[in-house]
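The block underneath contains the structure these notes are about, expressed in structure tokens.
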Amino acid sequence: MAGLPLLQNSLLVGALLFVLGLVGMLTRRNLIVLFLSAELMLQGISISLVAWSRFHGDWGGQVFVIFVLTVAACEAAVALVFVLQAFARTGRLDAAAWQSLRESNLPRVVDHELPAIDDLPADWPKLSPAGVQPVTDENSALQRDHV
Amino acid sequence: MMESPTLPVFVAAINWHSLLFYLFASAACGFAVAVVLTENVVRMAFYLVLSLGATAGLFFLAGADFVGAMQLMIYVGGTLVLLVFGVMLTAQAPLVSIRTSPADKVLGGLVAASLLAVLLQSAFSVEAWRRPAVGDVGTPSATPLGMALLGVRVDADPTTETTALPAGQRPVSATQAAALNPSTRSGYLLPFEIVSVHLLVVLVGAAYLARAKRRRTPRSTETAGLDAGGGP
């Protein structure tokens, strides 16, 4: 398989991957899952670009796929930092929990099926017993900003 | 592969390129469906690794061996491992599956199906993509890609047959047009530098944002033991 059938089959696969990523992007609300779906959409585009590069005899498609890989690595690094910071701050990963940037005249989206913030395991700070050297956990102390 | 007389006829008759293409394509699409349908985030990340590995196989079959190797090393080996770290750092019991309402799923499916119809309709109705292929890229692609990233367009070499256009005929592809006009054969050096600096800045920024923060109120050593564990 080469030439035209390869291009058309690759375009079909690329369109399918892009659409599946779009379904994941539209129907999921976990922030990390949104990034996984974005990676899927990028892969669909990359398959189409490589197929066009083969079809036209032009290296531009493959060069552009290399740029897509680089920018996807950047995006994953920065997005993961933001998601982890947001998770450490509030303990929520739901996209609906971050509505501060919506327009002021729009109503707030209300979730019914999510665990409320009260259902999350409470991690309250406890006083150490008197007269004993307390055990200090650096990590738990760092992640307790939201309490 | 050497033709052996003991090889069965049906093995020699198989078009291995088509067979492998269908295998990798069905694996990529099937695991992508599994990514969308699975509720568990950890399994989702694993299915995505498999789907992107199959995509690398598709790259190899399309003659893009360097891009396929980069896909396996950087994407599957680096970026997805990063995402899997993120998944496992946040995979706590109430957060592993955040369910969506069925109305959202139906709406998303409708939008995606209509977009797929539009994409396929447009992809198979472009006239230039129904003619036979106009060119081919070489299979050991590391050297031409490296030269292109250094600013030399190996595909727009004016000594090839693309300059030998008959009089009055216009170039049919952008490659030919670039080959005819030497000032446009600039390669990809500037985008390469831009994306390099972009990657550096982004990684420095990510490391800065994710650093371990000191406490907001620095405490002296004797009081730090008394109220350790208390939030600010």
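None of these values were measured; they are calculated from a predicted model. Chain identifiers are assigned alphabetically (A, B, ...) following the order of the sequence lines, protein sequences preceding nucleic acid strands; residue numbering begins at 1 within each chain.
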Next item on the list: Against chain B, label L36(A) side chain, backbone, both or neither, depending on which of its atoms sit under 4.5 Å from a heavy atom there.
Entry: both
Margin query: Do F192(B) and V63(A) make a side-chain contact, defined as non-hydrogen atoms from C-beta onward lying under 4.5 Å apart?
Written below: no
Checklist line | Exercise: identify the closest heavy-atom pair between T79(B) and A72(A) | finding: CG2-O, 4.2 Å
Check: So, Q62(A) side chain and L145(B) main chain: donor-acceptor pair closer than 3.5 Å or not?
Finding: no
Next item on the list: Can you see which heavy atom on L82(B) is nearest to which on L80(A), and at what distance?
Entry: O-CD2, 3.1 Å
Check: Between L115(B) and F18(A), does a side chain to side chain contact (heavy atoms under 4.5 Å, CB included) hold up when you go through it step by step?
Finding: CA-CA 10 Å; L115(B) 178 69; F18(A) 185 86; 3.7 Å; yes
Checklist line | Choice from I194(B), L48(B), V201(B), V111(B) maximising heavy atom contacts with chain A below 4.5 Å | finding: L48(B)
Checklist line | Contact class of L20(A) relative to chain B, heavy atoms under 4.5 angstrom | finding: both
Notebook entry, point to check: Between CG of L58(B) and OG of S46(A), what distance do you get to the nearest 0.5 Å?
Noted result: 11.5 Å
Next item on the list: Under 4.5 Å, counting heavy-atom pairs only, tell me which of V83(A), I66(A), V71(A) racks up the most with chain B.
Entry: I66(A)
Margin query: Restricting to non-hydrogen atoms, name the atom on L17(A) and the atom on A28(B) that form the minimum distance, rounded to 0.1 Å.
Written below: CD2-O, 3.8 Å
Next item on the list: Could you tell me which non-hydrogen atom of V35(B) sits nearest to which non-hydrogen atom of R28(A), and how far apart they are?
Entry: O-NH2, 3.9 Å
Margin query: Just so I understand: if I count every heavy-atom pair under 4.5 Å between each of L7(A), L12(A), I47(A), V78(A) and chain B, which residue has the most?
Written below: I47(A)
Margin query: Any non-hydrogen side-chain atom of Y22(B) less than 4.5 Å from a side-chain atom of N9(A)?
Written below: yes
Next item on the list: Working to the nearest 0.5 Å, report the span between CD of Q43(A) and CZ of F59(B).
Entry: 5.5 Å
Check: Non-hydrogen atoms of chain B under 4.5 Å away: do they reach the side chain of V81(A), the backbone, both or neither?
Finding: side chain
Checklist line | Toward chain A, the part of L120(B) with a non-hydrogen atom under 4.5 Å | finding: side chain
Next item on the list: Take atom CZ of F85(B) as the centre, draw a 6.0 Å sphere, and report whether it contains more than 12 heavy atoms from other residues, nucleotides or ligands.
Entry: no
Check: For A76(A), is it the side chain, the backbone, both, or neither that has a heavy atom closer than 4.5 Å to a heavy atom of chain B?
Finding: both
Next item on the list: Decide if atom CZ of F60(B) counts as having more than 12 heavy atoms of other residues, nucleotides or ligands within a radius under 6.0 Å.
Entry: yes
Notebook entry, point to check: Of all of L16(A), V23(A), L69(A), which one pairs up most often with chain B through heavy atoms under 4.5 Å apart?
Noted result: L69(A)
Notebook entry, point to check: Can you name the closest pair of heavy atoms from G108(B) and L26(A) and give their distance?
Noted result: CA-CD1, 3.9 Å
Next item on the list: Please assess H198(B) against C74(A) for the test side chain to side chain contact (heavy atoms under 4.5 Å, CB included), listing each intermediate value before the final yes or no.
Entry: CA-CA 8 Å; H198(B) 179 239; C74(A) 299; 3.7 Å; yes
Check: Between L6(A) and H17(B), is any pair of side-chain heavy atoms under 4.5 Å apart?
Finding: yes
Next item on the list: Show your working on side chain to side chain contact (heavy atoms under 4.5 Å, CB included) between F31(B) and L40(A) and close with a plain yes or no.
Entry: CA-CA 10 Å; F31(B) 285 123; L40(A) 214 52; over 6 Å; no
Notebook entry, point to check: In terms of heavy-atom pairs under 4.5 Å, which option from L203(B), D104(B), V195(B) contacts chain A the most?
Noted result: V195(B)
Note to self: Nearest 0.5 Å, please: how far is OG1 in T27(A) from CG in L107(B)?
What the structure shows: 10.5 Å
Notebook entry, point to check: P191(B), G78(B), A207(B): which one forms the most heavy-atom pairs within less than 4.5 Å of chain A?
Noted result: P191(B)
Checklist line | Separation of L42(A) CG from T55(B) OG1 (nearest 0.5 Å) | finding: 11.5 Å
Check: Looking at OG1 of T70(A) and CD1 of I74(B), how far apart are the two atoms once the value is rounded to the nearest 0.5 Å?
Finding: 6.5 Å
Note to self: What part of E39(A) gets within 4.5 angstrom of chain B, counting heavy atoms only: side chain, backbone, both, or neither?
What the structure shows: both
Next item on the list: Looking only at non-hydrogen atoms, find the nearest pair between L149(B) and F67(A) and report the distance.
Entry: CD2-CZ, 3.9 Å
